[in-house]
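Keep in mind that what you see is a predicted model, and the values were worked out from it rather than measured.
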Amino acid sequence: QVQLVESGGGLVQAGGSLRLSCAASGRPLRWYGMGWFRQAPGKEREFVAGISAGASRTSYADSVKGRFTISRDNAKNTGDLQMNSLRPEDTAIYYCASSGTTVAGVATYEYNYWGQGTQVTVSS
């Protein structure tokens, strides 16, 4: 049984930082792309950042470029999302996901395993 578990969410003031982590069990993440998505109330789930299986390629939504950094540790079967200069509009539930290929695409359908999500709230 594959499980992805996020941690590190919380409440932070605008301009602050948080580091989200994703730990996997039941599946070696090293063979698959990993992505972070978020969903705010009343909105669709959106792509935030992705990293390929070998960590050679990363991609980011325009809204987080220069502020967020995605990384992974295949030896530990984990992935992280470092979030700096947080803004109130970053408030959402953040999900990590493991894709079906080595690529970390931007569409939710490209991912077949999801974590339960962790809440990030940024106050102004």
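- In the hydrophobic clustering of ILVMFWY residues, with side-chain heavy atoms under 4.5 Å counting as a link, F47 and L20 come out apart.
- Note: the hydrophobic cluster containing V106 does not contain V48 (ILVMFWY, side chain heavy atoms under 4.5 Å, direct or indirect links).
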* Could you give me the CA-CA distance, side-chain angles and deciding distance for Y32 and Y111, then say whether ring pair (Phe, Tyr, Trp, His ring centres under 6.0 Å) is met? => CA-CA 10 Å; Y32 305 98; Y111 296 81; over 10 Å; no

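- Between L4 and A24 the shortest heavy-atom distance is CD2-CB, 3.4 Å.
- With respect to K65 and D62, a salt bridge is recorded, a charged nitrogen being found less than 4.0 Å from a carboxylate O.
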* Could you walk me through whether Q82 and N84 pass the side chain to side chain donor-acceptor pair (under 3.5 Å) test, one step at a time? => CA-CA 7 Å; Q82 176 67 42; N84 299 328; 2.8 Å; yes

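- The disulfide (SG to SG under 2.5 Å) contacts involving residues 14-116 comprise C22-C96, where partners must be two or more places apart or lie in separate chains.
- Note that CD of Q116 and CD1 of I93 are 10.0 Å apart. Values are rounded to the nearest 0.5 Å.
- Between the side chains of D80 and S21, at least one donor N or O lies within less than 3.5 Å of an accepting N or O.
- Looking at residues two or more places apart in sequence or on another chain, you find no salt bridge (charged side-chain N to carboxylate O under 4.0 Å, His left out) involving K43.
- Separation of atoms OG (S71) and CG (L81) is listed at 8.0 Å; rounding is to 0.5 Å.
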* To do: Test side chain to side chain donor-acceptor pair (under 3.5 Å) on S98 and R27 and set out the steps.
  => CA-CA 9 Å; S98 180; R27 188 191 218 207; 2.5 Å; yes

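- A donor-acceptor contact shorter than 3.5 Å links the side chain of S52 to the backbone of R57.
- Nearest heavy atoms, A53 versus R30: CB-O, 3.2 Å.
- Taken from OG in S63 to CD in E46, the straight-line distance is 5.5 Å, to the nearest 0.5 Å.
- Taking all atoms of both residues into account, the shortest heavy-atom contact from A104 to S59 is O-OG, 4.1 Å.
- D73 places a side-chain N or O within donor-acceptor distance of the main-chain N or O of K76, the cut-off being under 3.5 Å.
- Using a distance-only test at 3.5 Å, with no hydrogens or angles considered, no donor-acceptor pair links the side chain of R38 to the main chain of A92.
- Relative ring orientation between F68 and Y94 is described as tilted, the plane-to-plane angle lying within the 30° to 60° band.
- Expressed to the nearest 0.5 Å, how far CZ of R45 lies from OG1 of T108 amounts to 7.5 Å.
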* To do: For side-chain contact (heavy atoms from CB on, under 4.5 Å), just list the numbers for V12 and T121, CA-CA rounded to whole Å, side-chain angles, deciding distance to a tenth of an Å, and then say yes or no.
  => CA-CA 6 Å; V12 65; T121 303; over 6 Å; no

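- Closest heavy-atom contact between V120 and G9: CG2-CA, 4.2 Å.
- Hydrophobic clustering (side-chain heavy atoms under 4.5 Å, transitive across Ile, Leu, Val, Met, Phe, Trp, Tyr) groups Y113 together with I51.
- We find the OG1-CD distance between T101 and E110 to be 7.0 Å, quoted to the nearest 0.5 Å.
- The shortest heavy-atom contact between V122 and T91 is N-OG1, 2.9 Å.
- Atom CH2 of W36 is separated from atom CD of E6 by 5.5 Å, given to the nearest 0.5 angstrom.
- Listed for the N77 side chain is a donor-acceptor partner under 3.5 Å among the backbone atoms of L29.
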* Evaluate the ring pair (Phe, Tyr, Trp, His ring centres under 6.0 Å) criterion for residues F37 and Y95: first the C-alpha distance (whole Å), next the side-chain angles of each, then the deciding distance (0.1 Å), finally the verdict. => CA-CA 5 Å; F37 290 75; Y95 300 88; 8.7 Å; no

